[in-house]
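Naming convention: chains lettered A, B, ... in sequence-line order (proteins, then strands); numbering from 1 in each chain.
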Number of protein chains: 2
Amino acid sequence: MISLEANSSPTPEELPPEIGGLRMTKQRREVFSVVLAERDHPTANDVFSRSQKRMPTISLATVYNCLEALVSHGLVRQVNFEREPSRYCPNLSDHCHFQDEKTGTIHDVVFKEGVNLADFLELPQGTEISHLEISLKGRIGSH
Amino acid sequence: MISLEANSSPTPEELPPEIGGLRMTKQRREVFSVVLAERDHPTANDVFSRSQKRMPTISLATVYNCLEALVSHGLVRQVNFEREPSRYCPNLSDHCHFQDEKTGTIHDVVFKEGVNLADFLELPQGTEISHLEISLKGRIGSH
DNA sequence: AGCAATAATTGGAATTATTCTAATTCGAAG
DNA sequence: CTTCGAATTAGAATAATTCCAATTATTGCT
């Protein structure tokens, strides 16, 4: 099995013909490898222009299609900050996002060991959560 | 001081000439009273059509302007679910939102007593959070 | 291999929430 | 009552995303 680790990001050619139930096409491989390559939470447009470098014929619609396929198969996470364009994140571990207001940069923020949602939310009993998004904004202290 | 409580929602006329540093105009009063009236997290469009009942001449642009003024003065909260249109919430207490996937209805969810963000997030030290949004989606158990 | 069926890609048009613009109107202060 | 900055308005503009219909690729059969 091919490893999809942080600092060994695969070229499109290295990706197998199927991942997590999703058939990989040339374009999906390209898009996926772009998302895997840099952990900077690119927008669809960012992914589009990066993909064009290797595959100049790819279309923006296809990038949207591929991203949606990857997201719905759980291979990539879609990240939203208020009404900003969606961003895409290859980090599948349980985490949330912090946006530095100064630079716009988005950082992954992990939960502390053993923390469970239901532990700190007054949820109506019987609630089943299928999706959770935590978005933080602020500044990183500099002194 | 006029009380802006849950079940005594003020008519526009009852709102003072200034709230929280924001000068109240006829339209702002109308928009604010619409948001206060029902805790169903209306979109800008919802607010627009409800406002039109009492004030048929109000424009959508004005509704957006008023909502933005109310939000930036901390009188109303803007609530986002992924890429859906923004919704508006008069509940200023510390809480987050749960959307019932079946009905689309949004419920306020409060944090458990004494819970603090930094307690469960591995935040880079020195981080100052100015904005936090937690959005949940799922189903409410029915059995 | 050849071929039908199915799925993916493409470019461009369409949609939709929201913001912008420029003109008008309002309202508080003198 | 006039003035002047702010608010409102209608409509145009913007921007992210989705839709559409046509083309191209891929799969599964025989």
I'd like to know if [X] and [Y] make a salt bridge, using a cut-off of under 4.0 Å between side-chain N and carboxylate O.
X: A:Arg77; Y: A:Glu133; result: no
X: B:Arg28; Y: B:Glu18; result: no
X: A:Arg50; Y: A:Asp40; result: yes
X: B:Glu82; Y: B:Lys137; result: yes

Pick the closest DNA chain D nucleotide for B:Ser59 and for B:Arg23 by heavy atoms, then say which residue is nearer the 5' end. B:Arg23
B:His97 vs B:Phe81 aromatic rings, parallel, tilted or perpendicular, using cut-offs 30° and 60°? perpendicular
Using whole Å, report how far [atom1] of [X] lies from [atom2] of [N].
X: B:Ile58; N: C:dT25; atom1: CD1; atom2: P; value: 17 Å
X: B:His73; N: D:dA6; atom1: NE2; atom2: P; value: 12 Å
X: A:Glu30; N: C:dA8; atom1: CD; atom2: C1'; value: 16 Å
X: A:Phe48; N: C:dG12; atom1: CZ; atom2: C1'; value: 13 Å
X: A:Arg29; N: D:dA25; atom1: CZ; atom2: P; value: 15 Å
X: A:Leu70; N: C:dA8; atom1: CG; atom2: P; value: 12 Å
X: B:Met55; N: D:dA7; atom1: CE; atom2: C1'; value: 12 Å
X: B:Gln52; N: D:dT8; atom1: CD; atom2: P; value: 15 Å

Output yes when at least one side-chain N/O atom of [X] is less than 4.0 Å from OP1 or OP2 of [N], else no.
X: A:Arg28; N: C:dA8; answer: yes
X: A:Thr62; N: C:dT9; answer: no
X: A:Gln27; N: D:dA25; answer: no

Checking A:His73 side chain against A:Val71 main chain: does a donor-acceptor pair fall under 3.5 Å?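 No, A:His73 side chain to A:Val71 backbone: no donor-acceptor pair under 3.5 Å.
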Letter by letter from the 5' end, nucleotides 14-22 of chain D scores (B base, S sugar-phosphate only, - none; protein heavy atoms under 4.0 Å) --SBBB---
Side chain to side chain contact (heavy atoms under 4.5 Å, CB included) between A:Asp108 and A:His41: does it pass, once the steps are laid out? CA-CA 9 Å; A:Asp108 289 356; A:His41 304 89; 2.8 Å; yes
When you get a sec, tell me which of C:dA8, C:dT10, D:dT8 is the closest nucleotide to the side chain of B:Thr25? D:dT8
